[in-house]
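Right, one structure below, let's go through it.
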There are 2 protein chains.
Amino acid sequence: MTEKKHRIPDVVIRRLPVYLRYLQQLMSYDVDTVSSQQMGHDLNLNPAQIRKDLSIFGDFGVKGMGYRVSELADKLSKILGLDKEIPIVLVGVGNLGAALCRYNRYQKSATKIVGLFDGHPAKIGQVHGSLEVRPMEELVDFVRQNNIKMAIITVPAAAAQSVCDALVAAGVKAILNFAPVLLNVPEGVRVQNSDVTVELQALAYYL
Amino acid sequence: MTEKKHRIPDVVIRRLPVYLRYLQQLMSYDVDTVSSQQMGHDLNLNPAQIRKDLSIFGDFGVKGMGYRVSELADKLSKILGLDKEIPIVLVGVGNLGAALCRYNRYQKSATKIVGLFDGHPAKIGQVHGSLEVRPMEELVDFVRQNNIKMAIITVPAAAAQSVCDALVAAGVKAILNFAPVLLNVPEGVRVQNSDVTVELQALAYYL
DNA sequence: GTGCTCATGTTAAAATTTTTACATACCGAA
DNA sequence: TTCGGTATGTAAAAATTTTAACATGAGCAC
């Protein structure tokens with residue numbers, strides 16, 4: 001397959017990080033080849049779907065063999081844009097924010113939190129990992145000066161939209177939002193919501 | 001429509017909590033009626049989809065008027081099983097676990113964390129909110145004795161499967177999993193994964 | 001080189017999900 | 001009580017996503 005025929009479906013994009021992590025795991029076990037069948041088995045996915053997803057981006061496999069693990073991992077990293085480090089700001093250093101911040105330090109992922117912000121005066125100056133919490137007033141300048149395109153929002157619901165607006169105004173293009181509100185963003189800005197309450201409530205249905 | 005024609009799609013179930021929260025918000029503003037059009041506008045969804053989702057469970061609307069907010073909220077609560085309190089155990093009281101635990105206390109949701117467990121000896125006995133961290137050895141008995149059907153896993157990846165097995169053995173039917181691994185569960189047990197890394201990486205694609 | 005095996009990439013079919021379109025029926029006003 | 005305005009519930013169409021099926025070609029043994 002050549003390059004992007006059409007816009008690539010979101011569902012596909014969301015599976016790529018899953019493939020990537022799986023491949024990285026295989027690498028750590030020194031596996032150097034894997035078939036779509038094996039992947040499908042391990043990831044609970046249809047092998048054809050995996051092949052189809054991958055073939056959107058190129059002919060990565062070898063007929064009769066499968067995929068070379070580290071090669072495919074590289075390709076996926078590049079496709080996702082994870083071959084360069086992606087700096088992130090986190091706004092709202094409450095419990096969850098602090099947890100994410102700590103979590104981020106242990107991973108050797110391309111996405112890296114480089115700035116912490118909070119509107120609560122008592123929080124300013126607190127240190128989490130190697131980062132000091134900065135006041136909201138500095139947010140826009142910081143984002144602009146460091147050319148930051150991605151942000152995590154972990155402020156209370158009531159503050160989320162105004163934080164979001166500030167981020168967008170400063171040039172942020174992708175937001176992972178933990179506040180339980182629907183954020184309003186202009187075209188071209190991507191929001192991914194993550195909401196524990198919603199997930200628990202949906203799970204409750206199946207009991 | 002009458003009762004469940006077929007199995008109800010997961011996508012629909014996952015939208016119900018979103019509707020529910022929206023309705024609760026309307027209630028807090030003393031709005032007592034809402035149309036699918038209004039809802040669709042506010043939630044960024046197609047009005048027909050909302051009507052269709054709701055009509056699966058019954059004729060909740062009034063022609064020419066829309067939906068009575070508090071009535072619909074009640075119905076949705078009941079459908080999701082949120083009319084009774086749902087007790088939850090949380091396993092793995094690290095940063096994220098503690099954050100979720102704290103978060104849960106502030107919400108007045110039907111889902112309620114009633115037990116905290118951790119395998120790390122240093123954590124045992126720590127108090128978070130009104131709950132004391134218990135040792136893993138007590139997990140199975142606690143779950144059985146309190147007839148707990150839902151759990152949150154916030155342990156490291158390496159421990160997640162064995163925790164999961166213990167939970168399932170004790171009778172848990174729904175698991176919200178924050179560990180970055182695919183859990184293996186028998187038929188009839190539901191797992192919902194929540195994985196910040198995956199979400200950040202998927203977002204990266206859009207930059 | 002030749003031939004055999006195997007797993008890909010891809011085309012076609014099936015299944016699912018979303019959107020459109022509209023007949024129906026409720027509410028409120030006259 | 002009748003009528004007009006309006007938003008539902010649903011049937012049909014469109015779009016999307018998943019799954020099945022298979023021709024193709026790479027690697028390996030000989």
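Labels below follow one simple rule: chain letters A, B, ... track the order of the sequence lines, proteins then strands, and each chain is numbered from 1.
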For residues 71-92 of chain B, dump all side-chain donor-acceptor pairs below 3.5 Å to protein atoms at least two apart in sequence or in another chain.
unit_1	atom_1	unit_2	atom_2	d
S77(B)	OG	A73(B)	O	3.3

Distance in angstrom units between M65(B) CE and dG4(D) C1', rounded
16 Å

Can you tell me if the side-chain N/O atoms of Y67(A) get under 4.0 Å from OP1 or OP2 in dC6(C)?
no

Categorize R68(A) for me: base, sugar-phosphate, or nothing, with a 4.0 angstrom heavy-atom threshold over every strand shown.
sugar-phosphate

Rounded to the nearest Å, what distance is computed from the CZ atom of residue F57(B) to the P atom of nucleotide dT8(D)?
17 Å

Using only side-chain N and O atoms of S36(B), determine if any of them is under 4.0 Å from OP1 or OP2 of dA7(D).
no

Could you list the protein-to-nucleotides 12-19 of chain C atom pairs, N/O on both sides, closer than 3.5 Å?
unit_1	atom_1	unit_2	atom_2	d
dT18(C)	OP1	R15(B)	NH1	3.2
dT18(C)	OP1	Q49(B)	NE2	3.3
dT18(C)	OP2	R15(B)	NH1	3.3
dT18(C)	OP2	R15(B)	NH2	3.0
dT18(C)	OP2	Q49(B)	NE2	2.9
dT18(C)	O5'	Q49(B)	NE2	3.0
dT18(C)	O4	K52(B)	NZ	3.3
dT19(C)	O5'	N46(B)	ND2	3.4

Distance check needed: dA7(C) P versus M39(A) CE, whole Å only.
15 Å

Tell me the interatomic distance from K63(A), atom NZ, to dT24(D), atom P, rounded to whole angstroms.
9 Å

Determine whether a donor-acceptor pair (N or O, by modelled atom type, separation under 3.5 Å) exists between the side chain of N46(B) and the backbone of A48(B).
yes

Q38(A) CD to dA7(C) C1', straight-line distance once rounded to whole Å
13 Å

Is the number of heavy atoms from other residues, nucleotides or ligands within 6.0 Å of CD (Q24(B)) greater than 12?
yes

Using distance alone, with no hydrogens and no angle criterion, decide if D165(A) and Q161(A) have a side-chain donor and acceptor under 3.5 Å apart.
yes

Pairing of R190(B) and D10(B) as salt bridge, 4.0 angstrom limit:
yes

Is atom CD of E199(B) surrounded by more than 12 heavy atoms (other residues, nucleotides or ligands) closer than 6.0 Å?
yes

Distance test, side-chain N/O of R51(A) to OP1/OP2 of dG9(C), below 4.0 Å:
no

Figure out the CZ/P separation between F60(A) and dA26(D), and round it to whole Å.
17 Å

Gap separating the OG1 atom of T111(A) from the CD1 atom of I152(A), nearest 0.5 angstrom:
7.5 Å

Could you check how far CD of Q37(A) sits from P of dT8(C), rounded to whole Å?
8 Å

Let me know the distance between CG of L72(B) and P of dA7(D), rounded to the nearest Å.
16 Å

S55(A) side chain, from C-beta outward: closest of dG9(C), dT10(D), dA7(D):
dG9(C)

